[in-house]
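Scroll down for the structure; my scribbles are underneath it.
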Amino acid sequence: AQSVAQPEDQVNVAEGNPLTVKCTYSVSGNPYLFWYVQYPNRGLQFLLKYITGDNLVKGSYGFEAEFNKSQTSFHLKKPSALVSDSALYFCAVRDMRGLGGGGNKLTFGTGTQLKVEL
Amino acid sequence: DTGVSQNPRHKITKRGQNVTFRCDPISEHNRLYWYRQTLGQGPEFLTYFQNEAQLEKSRLLSDRFSAERPKGSFSTLEIQRTEQGDSAMYLCASSPRGGQGAVGYTFGSGTRLTVV
């Protein structure tokens, strides 16, 4: 079975400081990895993805993520946090099961609440 | 067409009643997904359509749940004889086919169901 773990329920950081939200995964074969953000009472918004290529992936709103195959991790980072970054962040892995091995079904972690304070 | 649209945004129903939710995907996307999200959890996959064909269903989708996408455009998710455990946010997402599908799909704002 494929899975994603987000070990921190909440991350607190001061505005202007760097932030890291951790994610580890378990998958057979090559992983496709994603980060989504969710604001209260809203759907999920796509931030960035790793498919192949450079291990450092840049995404929306100044976020980036580093793929580490040996540690099976895909941590989300931002050099300087903003109060407006406060939200719920989800890591997800593409599930290669399903009809024909495709379908793009994603398996999500349980989410990490990011709180950025002044 | 600016995104994935879900209706209603909120639904409160009494236990035992039937409810139906609608999802309108991005028009050029031929793949459509339903997920369920309970408090404190990540979204859990329910089912997936490619055009009008329902290609995969999760074991989470009991016999009381049915989803359709009759013309390959909008989709409906019906829950019969609702139970309190069905209370959750139901999310719909869509994606284009093929290589672009790995981009990550677009979610709607969800329908929050409360069963009382």
Side-chain angles (χ1 to χ4, degrees), chain A residues 1-10 21 23 25 29-53 57 59-60 63 65 74 88-113, chain B residues 2-10 23-26 29-51 53-61 89-112 114:
Chain A
Q2 300 180 1
S3 64
V4 171
Q6 294 183 242
E8 303 153 316
D9 291 336
Q10 181 161 321
V21 182
C23 170
Y25 66 90
N30 294 322
Y32 294 169
L33 294 156
F34 303 82
W35 276 100
Y36 286 82
V37 60
Q38 186 176 35
Y39 295 97
N41 297 315
R42 301 294 298 275
L44 280 71
Q45 296 179 27
F46 170 77
L47 277 181
L48 51 80
K49 71 184 187 297
Y50 171 81
I51 304 301
T52 186
V57 177
S60 306
F63 283 93
F74 189 56
L88 188 57
Y89 290 81
F90 289 98
C91 183
V93 64
R94 177 175 169 174
D95 194 324
M96 295 303 292
R97 295 171 296 175
L99 190 66
N104 300 335
K105 182 175 69 176
L106 297 183
T107 299
F108 287 84
T110 53
T112 298
Q113 185 70 48
Chain B
T2 56
V4 177
S5 176
Q6 290 189 249
N7 288 289
R9 291 293 303 275
H10 304 274
C23 172
D24 288 89
I26 292 174
H29 287 183
N30 68 336
R31 291 179 169 175
L32 186 148
Y33 312 81
W34 285 99
Y35 279 75
R36 180 173 68 187
Q37 184 180 18
T38 54
L39 198 61
Q41 299 295 320
E44 298 171 296
F45 171 78
L46 291 178
T47 190
Y48 147 66
F49 290 85
Q50 183 165 301
N51 299 314
Q54 187 174 21
L55 297 187
E56 190 170 355
K57 292 172 62 174
S58 164
R59 294 189 189 96
L60 293 175
L61 218 63
M89 175 77 88
Y90 289 84
L91 296 167
C92 177
S94 68
S95 73
R97 186 180 178 180
Q100 291 289 328
V103 169
Y105 35 76
T106 304
F107 280 89
S109 295
T111 294
R112 181 168 295 282
T114 303

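Residue numbers begin at 1 in each chain, while the letters A, B, ... track the order of the sequences. Computed from a predicted structure; not experimentally measured.
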Against chain B, label A:Q38 side chain, backbone, both or neither, depending on which of its atoms sit under 4.5 Å from a heavy atom there.
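Only the side chain of A:Q38 comes within 4.5 Å of chain B.
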For each of A:C91, A:G43, A:G109, tally heavy-atom pairs with chain B at distances under 4.5 Å, and name the one with the top tally.
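The option with the most such pairs is A:G43.
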So, the part of B:Q37 with a heavy atom under 4.5 Å from chain A: the answer is side chain
Only one of A:T107, A:L106, A:L44 passes side-chain contact (heavy atoms from CB on, under 4.5 Å) with B:P43; say which it is.
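Result for side-chain contact (heavy atoms from CB on, under 4.5 Å) with B:P43: A:L44.
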Counting heavy-atom pairs under 4.5 Å with chain A, which one of B:R112, B:Q41, B:E44, B:Q6 comes out on top?
B:Q41
Determine the interplanar angle of the A:Y36 and B:Y105 rings, folded into 0 to 90°, and report it as parallel if under 30°, tilted if 30 to 60°, perpendicular if over 60°.
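Ring orientation of A:Y36 relative to B:Y105: tilted.
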